[in-house]
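See below for the structure under consideration.
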Amino acid sequence: MNIALDGADVRDDHHGTFDVVIVGSGPAGSAVADVLSARGLSVLVVEDGGTYAGAEIAPDAWTAMARAYRGMGAFMSRARQPLPVVQGRAVGGGSVINGAISWRLPQDVWQDWVDADPALADALPWSELESATDQIITRLGIAPTDPAVAGRNNLLLARGAESLGLEHRPISRNVRGCVGSGHCMQGCPNGAKQSMDRTLLADAVGRGAQVWQHMRVTRVLHMHGRATGVEARAAGGGRVRIAATRGVVVAASAVQTPVVLWNSEIRHGPLGQHFQGHPGAGVLARFDAPVRCWEGATQGHEVTGLRRTGLKFEALGMDRGVLASRLPGLGRALSAEIDRMDHYTSWGVAVKAKTQGRVTATRDGTGVVHYGLGPEDLRTLARGVAWAGRMAFAAGAVEVLPGVVGFDARVTVPARLDALEAAPPLDPRAWSSVVTHLFGTCRMSSDPARGVVRPDFRHHTTDRLWIADSSVFPTNTGVNPQTSILAMATLAGRAIGEALATTP
């Protein structure tokens, strides 16, 4: 992808002028850039991270985290149980380093939004969301995982779910020509993943949009209640000031977007409140025969039969270095585990959590996430870990490693998992979890007291300012949100384009 300006080279003050400035190049920012560039507007996308493709793709997870994850993959929430908050930091955002999982927005989630705020039915018509999703599916080549590249980690999950009568399916992913290298979360070394830098953002650049990388937007400029541009700090030390003659779109994530607004003194509504996500845990299981979970599609199969109870399961391919760090034991015992680590599966369970947190601002723009799981969500997580273990035994595992402090390190009898579900530890420190899929900190509402943006993605009090990322989602979705973010942001781009067409 052509990068018009690299902030690493900007050491002095720099200025620019565009019709629209978009903060963030992930799925939301890329979708808006795609729509607005097609309307002939001059568009600038400003990205904190840098390009990450080709020879830059790291062969191991730890190097990849250092290069393309926010906080080197160790950006932590503040709580009694600090949780890693997983975010990408690259041109293309999280689409570059995620598992390429693609889900439509579930209609029952949309209906919950509309029931709570009927104005959303007109602003976000289901038919338009579905139509936008159809277009995205075509552009990104989204299709179920080919069994030829699934690998045993995925196929064993299918076997376990089928044995227990749970609904399951190959995961639909935005890939073309996947060879099952198992490197999704380090970045695709084969260029098969249809991340934003290869698709929607590249399309926008082809129409004349520009991408400036290695620049952290520190605030939105505004005057007399109207957004006029942004200020950013370049990685090279220069101060960057960009005028937006038609408007500003913030699409920097549910963590960074509220921070940018707060530091801009645009603080209307429940800014930074109602943070939600999908906390999850990994379960290891050992089989007699080799599995080699680092081979095949990184996340190629999912179990959806318990989604309505707040649980979703995925095969989770792991880099060998990460898998080794999850194995139990010390010294010779750990060495023995590493010798047979090719016999382990790695499966993840994600929770549609009810816990809500908040994001507070820091001057450097990284933000602080205050979020920890409450007892209800811990019980749901325990149920998920137990079901993952049951599926593993049903698929032929000889032992399951739940990874729960205070419970059996190794479970060899399936019935033992019933005890974990019946009486789980409710101390959050007993659980090894991460939080992905972040929502809600600038949520959408027709009521100005309850939302930061209107149903048409416009800020409630600042004109010519729109927010297009998952921070506007009224709730979490319970499923992987990349495709629904793309669909929502496509509608945002259309609404912005229509607004700009009727105003000077």
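All values reported here derive from a predicted model rather than from experimental measurement. Heavy-atom basis, side chains included; hydrogens, waters and symmetry copies ignored.
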Using the rule given for salt bridge (Lys or Arg N to Asp or Glu O under 4.0 Å), can you reason through R429 versus D427, listing the C-alpha separation, both sets of side-chain angles and the distance that settles it, and then say yes or no? CA-CA 5 Å; R429 294 171 296 181; D427 185 337; 2.8 Å; yes

Apply side-chain hydrogen bond (donor to acceptor under 3.5 Å, both in side chains) to the pair D377 and T355, showing each step before the final yes or no. CA-CA 7 Å; D377 287 330; T355 299; 2.5 Å; yes

How far apart are the C-alpha atoms of R443 and D117, what are their side-chain angles, what is the distance that settles it, and do they pass the salt bridge (Lys or Arg N to Asp or Glu O under 4.0 Å) test? CA-CA 12 Å; R443 71 179 182 180; D117 189 351; over 6 Å; no

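Residues in residues 144-193 take part in these ring pair (Phe, Tyr, Trp, His ring centres under 6.0 Å) pairs, two or more places apart or across chains: H168-H301. Residue pairs meeting the ring pair (Phe, Tyr, Trp, His ring centres under 6.0 Å) criterion with at least one member in residues 402-437, sequence neighbours excluded: H278-H437. Sorted by first and then second residue, the ring pair (Phe, Tyr, Trp, His ring centres under 6.0 Å) pairs involving residues 469-495 (not counting sequence neighbours) are W113-F473, F439-F473.
D48 and R70 are joined by a salt bridge, as a carboxylate oxygen and a charged side-chain nitrogen come within less than 4.0 angstrom of each other. A salt bridge links D418 with R390: the distance from a Lys NZ or Arg NE/NH1/NH2 to an Asp or Glu carboxylate oxygen falls below 4.0 Å. We find that D342 and R320 are not joined by a salt bridge, their nearest charged nitrogen and carboxylate oxygen being 4.0 Å or further apart. Taking the charged nitrogens against the carboxylate oxygens, K312 and E314 do have a contact shorter than 4.0 Å, which makes a salt bridge. Salt bridge present: R292 and E295 bring a charged side-chain N and a carboxylate O closer than 4.0 Å.
Taking the side chain as every heavy atom from C-beta outward, D134 and R104 approach each other to under 4.5 Å. Put simply, the side chain of P189 reaches to within 4.5 Å of the side chain of S181, judged on heavy atoms. In this structure the side chain of T133 never reaches within 4.5 angstrom of the side chain of L105, judged on heavy atoms.
Shortest non-hydrogen contact noted between W294 and M341 is CZ3-O, 3.9 Å. Shortest non-hydrogen contact noted between S253 and Q87 is OG-NE2, 2.9 Å.
Note on ring orientation: taking the six-membered ring where Trp is involved, the planes of Y371 and F275 are perpendicular (angle over 60°, cut-offs 30° and 60°).
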Would you list the atom pairs, donor with acceptor, under 3.5 Å between side chains in residues 483-496 and any protein atom, with sequence neighbours excluded?
from	atom 1	to	atom 2	distance (Å)
S484	OG	P481	O	2.9
T490	OG1	L486	O	2.7

N/O donor-acceptor pairs under 3.5 Å from side chains in residues 50-57, not counting sequence neighbours:
from	atom 1	to	atom 2	distance (Å)
Y52	OH	A58	N	3.0
Y52	OH	Q186	O	2.7
E56	OE1	A53	N	3.1

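Applying the ring-ring contact (aromatic ring centres under 6.0 Å, His included) test to W103 and every residue at least two apart in sequence or in another chain returns nothing.
Side chain to side chain, E337 and Y344 meet the donor-acceptor criterion of an N or O pair below 3.5 Å.
A donor-acceptor pair under 3.5 Å links the side-chain atoms of E47 to the main chain of G49, judged by distance alone.
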